[in-house]
**Q** 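Got a structure for you, questions after.
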2 protein chains.
Amino acid sequence: MASHGVRGRSGGRPTLEEVAARAGVGRGTVSRVINGSPRVSDATRAAVEAAVAELGYVPNTAARALAANRTDAIALVVPEPETRFFAEPYFSDMLKGVGSELSETEMQLLLIFAGSDRERERLAQYLAAHRVDGVLLVSVHADDPLPDLLTQLEIPAVISGPRSAAEPLASVDSDNYGGARSAVEHLLSRGRGHIAHITGHLAVYGAQRRVDGYRDALREAGHEVDEGLIEPGDFTEEGGRRAMAELLRRRPDVDAVFAASDVTAAGASQILRETGRRIPDDVALVGYDDSAIARHMEPPLTSVRQPIEEMGRAMIDLLLTEIADRRPAASRGLERHQVVLATELVERRSS
Amino acid sequence: MASHGVRGRSGGRPTLEEVAARAGVGRGTVSRVINGSPRVSDATRAAVEAAVAELGYVPNTAARALAANRTDAIALVVPEPETRFFAEPYFSDMLKGVGSELSETEMQLLLIFAGSDRERERLAQYLAAHRVDGVLLVSVHADDPLPDLLTQLEIPAVISGPRSAAEPLASVDSDNYGGARSAVEHLLSRGRGHIAHITGHLAVYGAQRRVDGYRDALREAGHEVDEGLIEPGDFTEEGGRRAMAELLRRRPDVDAVFAASDVTAAGASQILRETGRRIPDDVALVGYDDSAIARHMEPPLTSVRQPIEEMGRAMIDLLLTEIADRRPAASRGLERHQVVLATELVERRSS
DNA sequence: ATCACTTGTGGGAGCGCTCCCACACTACCT
DNA sequence: AGGTAGTGTGGGAGCGCTCCCACAAGTGAT
C-alpha cells in the first residue's frame with residue numbers, strides 16, 4: 001500500500017498533471033506509464049513511477065471513464081430475487097470462479113439482482129447508461145428480454161446456458177448432452193434395461209440437450225428408445241413426484257430413472273419409496289447438479305456434476321475478450337464464442 | 001422504459017447539449033431539470049422532459065462523477081471470504097434491508113468482499129480512488145485497519161457493531177445489553193438460580209455488552225454475580241463445547257446457560273447431552289441471533305433475535321445523511337451518530 | 001421613477017483523464 | 001549528404017457533465 005506523501009499542496013488528490021510536473025515530463029508520458037504503454041524509455045518510466053509513489057497518485061476513474069469511454073466494471077446480473085441467490089450453491093460457486101479470474105485484472109465486479117420488476121427497471125436504466133463494460137448473465141429463462149436488450153445496446157455479454165443452439169450471445173455451458181449420456185451409460189453398465197428419463201423444463205435448452213443425450217446413449221447401446229419412458233418435468237421436486245407417479249403407472253417395469261436435476265430426483269425418490277420400491281435394488285436413480293441435496297439423500301444420490309466455478313472463470317475470459325474486441329459477438333456473424341465444459345458423474349449408492 | 005427515438009444522428013448516445021438544442025433551452029437548464037432543481041418554470045421543464053423522452057437521453061455517469069465529484073455509489077464491504085457470506089443468513093438479511101432502503105434512491109450498491117489479503121489490497125486501492133461515496137462496514141473485527149483507513153480518506157462510513165463505546169464512526173447496532181438482560185430475566189422467571197454465561201469473543205464490543213447485561217440483570221434481581229459462572233467463549237461451536245465442559249467441571253450445579261450465540265449454544269448442548277443432562281429439564285439454554293440453527297436444534301432453542309434487516313436500513317439512512325453532510329462523523333466531534341435497535345426474545349422449548 | 005430583490009435562464013470554465021498529432025532525435029540505409 | 005524509418009515525448013482538443021456568474025425580466029416597496 002502506497003503510504004507516502006499523500007495529500008498534495010491543495011489538500012485534494014494529486015492529478016496526472018501534478019505527477020507530470022513532479023517527474024519533469026509531460027502529461028501524455030505519465031498517462032503512458034500508468035497505462036503500461038511500451039513506448040516509454042526506462043529512465044522516464046522510473047522517474048514517473050517515483051513521482052507516482054511520492055505523491056500517492058491514484059488515477060481518477062471518472063475522468064478516465066469519461067475520456068476513454070469505458071468503465072472498467074462488469075456486472076454479474078442475477079435475474080432472481082436475493083433469496084434464491086443465497087439459497088443455491090450454484091451462485092456462490094459461480095461467484096467464486098468469477099471473482100478469482102477477475103482478480104487478475106483491474107476490472108470491478110458488480111453484483112446486480114433483477115428479481116422484481118422494479119429491480120429490472122433499474123437495471124435497464126443502468127445498462128442504458130452504459131455503466132458497465134460488459135455483462136455476465138446467469139440463470140436466464142428462455143423468454144427473458146434481457147439478452148436482447150443487451151444486444152440492442154451493444155453491450156458485450158456472456159450468458160451461462162445458451163437459450164438455443166443458435167444463441168447469438170457468447171455463452172458458457174456444461175456438456176448437458178455428454179452429462180446425460182454418462183448418466184445413462186452408467187445405468188446401462190449396471191445392467192438396467194428399462195431406463196426412464198424425467199426431463200427438465202423443456203423451454204430450457206439444456207434440458208433438451210439432456211434428452212438428446214439420453215436418447216443417443218440408449219440408441220448407441222443398441223436399445224430402442226421407448227418414448228413412453230420419457231416424462232416431462234420442470235426441474236422441481238413436485239414435478240419429479242408427478243412425473244415418477246406417471247411413469248410407474250405407464251411403465252411399471254421401469255428399473256432406473258435418470259432425472260434432470262437432483263431436486264427432481266428427490267421428488268421421484270419419494271414416490272418410489274411410497275410405492276414400496278427400494279433404491280437402488282428395485283429402481284436405480286441418477287440426478288443432475290451434484291448439489292448438497294444429492295449428498296444428503298437416503299441413499300446418497302448418484303449425480304452429474306457441472307464444473308460451476310470453472311464455468312464462472314470461462315465466462316470472464318469470454319467477456320474480457322468480447323470487451324477487448326469492443327463489439328458483441330452478435331455482430332461478428334459466424335464467429336460465435338461458445339464454451340462447453342465437461343461434466344463428471346459422481347457415483348453414490350442410489351445406482 | 002423509455003423506448004422512443006433512441007440513437008441520435010451521430011449513432012452515439014445523446015448528450016445534455018443535444019437535449020438542450022432540441023428543447024430550445026440552454027445546457028444549464030437541462031441540467032437543472034435532470035437534477036430536479038426547483039428553479040425552473042413549469043413550461044420549460046415540460047419541454048425539456050419531452051426532449052429527454054424523445055431522444056431517450058440517459059445522463060453519462062462518468063461525466064457527472066467527474067464534474068460533481070461524486071459517484072452515486074456506495075459499497076457494502078464484507079471483510080470475510082465469500083463462503084462465510086453465503087453461509088450466514090446474517091448477510092442475506094442485511095443485504096435485503098440495505099437493498100430495499102436503497103431502492104428509493106439513485107444510489108448504486110456494490111458488494112465487495114475483502115477476505116484475503118489480496119482482496120484487501122484491491123479494496124484499499126479502490127477506496128483511495130474514491131470510487132464510492134460511502135461505505136457500509138459489516139462484521140468488523142476490533143483490530144481491523146479498515147475503519148481508520150476510511151477516516152483517513154475522509155470517506156463517509158457506517159459500521160455495524162461499534163468497536164467500542166467511543167466508536168468514532170457512525171454505527172448501527174442491536175441492543176446487546178438489553179438482549180442479554182432479557183435472556184437472563186427470562187431464565188430467572190423460569191426459576192433458574194444458577195445461570196451461567198458463555199461469552200462471545202471479548203475483543204468484540206457487543207460481546208462485552210452482553211456480559212454487562214448478564215451481570216446487571218442478575219444484580220438487579222438481587223442475585224450476587226458469581227464470576228465462576230462466566231466462561232469466555234468465542235462465538236464458535238467448539239468454543240461452546242469447551243466452555244460448557246469447563247463450566248460443568250467448575251459449577252456442576254449450573255441449571256441454566258445463556259450463550260452469546262446460537263452456534264455456541266449448539267456446542268454447549270452437545271456437551272450437556274453427552275454428560276446426560278436434559279434440556280431444559282436439567283439445564284435451560286438460551287442462545288443469541290435466532291439463526292436457522294436455533295429452529296433446527298433439538299429441542300428448538302430459545303434465542304435473542306436482532307432486527308438485522310432493519311439494521312441494514314438504518315445503516316443506509318445514516319450513511320446517506322453522512323454523505324449529504326459531506327463529512328465523516330469523526331470530524332463532527334461530539335455529534336456522533338449511533339443507532340441502537342431493540343432485540344426480541346424468541347421463546348422455544350430449550351428454556 | 002428608482003432601487004432592491006427574486007426568479008428563470010444561458011453559457012463559460014473546468015473536472016482529470018485519453019487520444020492523437022506534431023515534432024525532435026536517433027539510426028541506418030542508399 | 002540526403003532520405004526514410006522508427007522511437008520517445010509534449011501538449012492541444014475534447015469526453016459530457018456541474019457549478020456558478022452574469023444577466024434579463026418581473027415584482028413590489030419607496
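Each chain gets a letter, A, B and so on, in the order its sequence line appears, and its residues count up from 1. Computed from heavy atoms alone, side chains included, the values below leave out hydrogens, waters and symmetry copies.
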**Q** Just how far, in rounded Å, is C1' of D/dC15 from CZ of B/Arg64?
**A** 16 Å
**Q** Quickly work out the B/Asn60 CG to C/dC15 C1' distance and round it to whole Å.
**A** 13 Å
**Q** Looking at CZ of B/Arg13 and OG1 of B/Thr15, how far apart are the two atoms once the value is rounded to the nearest 0.5 Å?
**A** 10.0 Å
**Q** Is there side-chain contact between B/Arg70 and B/Arg64, with heavy atoms separated by less than 4.5 Å?
**A** yes
**Q** For the residue pair B/Leu146 and B/Arg120, what are the closest heavy atoms and their distance?
**A** CD2-NH2, 3.8 Å
**Q** Can you figure out which of D/dC17, C/dC17, D/dC19 approaches the side chain of B/Ala68 most closely?
**A** D/dC19
**Q** D/dG16 P sits how many Å from B/Glu17 CD, rounded?
**A** 10 Å
**Q** Could you tell me the separation between the CG atom of A/Asp42 and the C1' atom of D/dG8, rounded to a whole number of Å?
**A** 12 Å
**Q** Quickly work out the A/Leu66 CG to D/dC15 C1' distance and round it to whole Å.
**A** 4 Å
**Q** Please give, in whole Å, the distance from D/dC19 C1' to B/Asn69 CG?
**A** 12 Å
**Q** Any side-chain hydrogen bond (donor to acceptor under 3.5 Å, both in side chains) pairs touching residues 40-51 of chain B, not counting sequence neighbours?
**A** B/Ser41-B/Thr44
**Q** Output all residues satisfying side-chain contact (heavy atoms from CB on, under 4.5 Å) with A/Gln108, sequence neighbours left out; order by chain, then residue number.
**A** A/Ala73, A/Leu110, B/Leu110, B/Ile112, B/Tyr126, B/Arg131
**Q** If you compare every side-chain N and O of B/Ser31 against the phosphate oxygens of D/dT18 (OP1, OP2), does one of them come in below 4.0 Å?
**A** yes
**Q** Is there a side-chain contact between B/Asn35 and the phosphate of D/dT18, meaning an N or O under 4.0 Å from OP1 or OP2?
**A** yes
**Q** How does protein reach along nucleotides 9-14 of chain C, written 5' to 3' as B (base within reach of a heavy atom under 4.0 Å), S (only sugar-phosphate), or - (no contact)?
**A** BBBBBB
**Q** With rounding to the nearest 0.5 Å, note down the distance linking CG in B/Leu318 to CG in B/Leu136.
**A** 9.5 Å
**Q** In whole angstroms, how far is the C1' atom of C/dG16 from the CD atom of A/Glu18?
**A** 10 Å
